[in-house]
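Report on the structure given below.
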Amino acid sequence: MSARWTTAVLDTNVGGGLAVVRSAEGFMVDANGALFPRDWFKRQEPDIRFEHGIGHYDGQPVYLIELHGAQALPGCSWRGLRQFMLEGDADTYTILGYAAQIATWAREHRFCGACGQPMRQVPRERAMHCEPCDLRSYPRISPSMIVLITRGDEILLARSPRFVTGVYSTLAGFAEPGESAEDCLVREVREEVALEVRNIQYVGSQCWPFPHSMMLGFHAEYAGGEIVMQPDEIEDAQWFRVDALPPLPAGRSIARYLIDLYVARYSGLAEPVLPR
Ligand SMILES: NC(=O)C1=CN([C@@H]2O[C@H](COP(=O)(O)OP(=O)(O)OC[C@H]3O[C@@H](n4cnc5c(N)ncnc54)[C@H](O)[C@@H]3O)[C@@H](O)[C@H]2O)C=CC1
Ligand SMILES: [Mg+2]
Ligand SMILES: [Zn+2]
């Protein structure tokens with residue numbers, strides 16, 4: 001959230017406001033950015049799959065419009081959410097991150113998981129509803145733990161084969177049913193590098209809309225064991241001295257924040273601010 005952006009469930013039958021436009025190719029942008037006058041956009045006869053009213057930006061209603069295909073409009077192009085995370089301003093990224101999660105959920109909950117019938121948007125609530133089953137589906141959020149493990153002037157960083165070449169990051173993993181956040185953290189650390197940790201401290205959280213994680217960030221101290229890398233998941237894991245770190249994750253990630261925070265505290269520098 002920011003001071004300028006608040007989420008809301010808006011009536012799509014009311015005209016006006018702004019639109020963010022999404023397709024499988026990402027979000028539509030032109031020279032003015034990713035927010036379009038909604039009535040103007042609808043006059044371009046887009047092939048709309050669905051529409052949700054998602055919030056207010058500077059008091060103006062904002063709608064998400066999802067298209068069937070990546071139609072080209074003059075002067076417009078498509079840009080992925082990751083690019084906005086890396087390069088966009090914080091407000092635009094927050095709005096599009098939220099829109100992307102609503103779009104993912106709306107696209108994946110068109111039919112009831114119990115009976116297979118089409119679901120309908122519930123007015124004034126962010127939910128899809130199956131009438132015969134009286135079943136509601138809400139946007140999915142997946143809790144994920146992320147932890148920086150330290151050993152004095154060394155920190156543990158690892159590479160997944162999915163990462164950008166050369167980049168090392170903190171360990172992370174999705175919570176399973178039946179686990180506390182701390183249980184999950186201990187299990188993930190054992191699975192990925194076979195180490196034991198102690199003094200688990202919660203640091204802060206971050207929404208990570210790729211596609212719907214809620215990152216819970218922790219710091220933990222090394223307690224024992226030798227690194228054994230999990231096949232397929234972990235390509236490399238090493239202890240790095242705080243003054244000799246490898247290429248790190250993007251500045252807006254909580255992974256980077258956890259690393260920067262520890263390095264700042266260890267070196268007596270000013271502490272960074274957790275990006276939202
Ligand atoms: N914001 C940040 O700084 C960072 C965010 N992340 C995010 O954290 C999340 C977890 O990290 P990973 O190491 O990839 O997870 P992980 O260590 O649990 O392994 C991924 C595996 O978990 C399973 N999985 C996928 N979606 C799931 C879900 N919703 N619930 C339970 N299991 C699921 C799949 O088998 C997948 O291959 C990812 O979304 C990743 O993008 C990871 C590192 C940094
Ligand atoms: Mg992992
Ligand atoms: Zn049903």
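Read the numbers this way: they start at 1 and go in the same order the structure lists the ligands and their atoms.
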Can [X] and [Y] be counted as having a side-chain donor-acceptor contact under 3.5 angstrom?
X	Y	result
E125	Y138	yes
T94	D91	no
D236	Q238	yes
H219	T150	yes

*What is the name of the N/O/S atom in E192 that sits closest to the Mg ion (ligand 2)?*
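Nearest N/O/S atom: OE2.
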
_Validation row: L185, L216 side chains within 4.5 angstrom (heavy atoms)_ =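 A side-chain contact under 4.5 Å is absent here.
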
*Return the orientation label for the F36 and W40 ring planes: parallel under 30°, perpendicular over 60°, tilted otherwise.*
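Aromatic pair F36/W40 classed parallel.
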
Is any side-chain N of the basic residue among [X] and [Y] closer than 4.0 Å to the acidic one's carboxylate O?
X	Y	answer
R187	E176	yes
E154	R241	no
E233	R162	yes

*Around the Zn ion (ligand 3), what protein N, O or S atoms are found below 2.8 Å?*
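Within the sphere that stays under 2.8 Å of the Zn ion (ligand 3), the protein atoms of type N, O or S are C112 SG, C115 SG, C130 SG, C133 SG.
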
*asked:* Closer than 2.8 Å to the Mg ion (ligand 2): does that hold for any N, O or S atom in A172?
replied: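 A backbone or side-chain N, O or S atom of A172 is under 2.8 Å from the Mg ion (ligand 2).
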
Please give the N or O to N or O pairs under 3.5 Å between ligand 1 and the protein, distances rounded to 0.1 Å.
residue	atom	partner	partner atom	Å
ligand 1	1 (N)	Q206	OE1	3.3
ligand 1	3 (O)	I254	N	3.3
ligand 1	3 (O)	A255	N	2.9
ligand 1	13 (O)	A172	O	3.0
ligand 1	14 (O)	R162	NH2	3.2
ligand 1	17 (O)	A172	O	3.1
ligand 1	17 (O)	E188	OE1	3.4
ligand 1	17 (O)	E192	OE2	2.9
ligand 1	18 (O)	F174	N	3.0
ligand 1	29 (N)	R140	NH2	3.4
ligand 1	29 (N)	S142	OG	3.2
ligand 1	39 (O)	S213	OG	2.9
ligand 1	41 (O)	W208	NE1	3.2

*Which pair of non-hydrogen atoms, one from S169 and one from P249, has the smallest distance, and what is that distance?*
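Result for this residue pair: OG-CG, 3.3 Å.
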
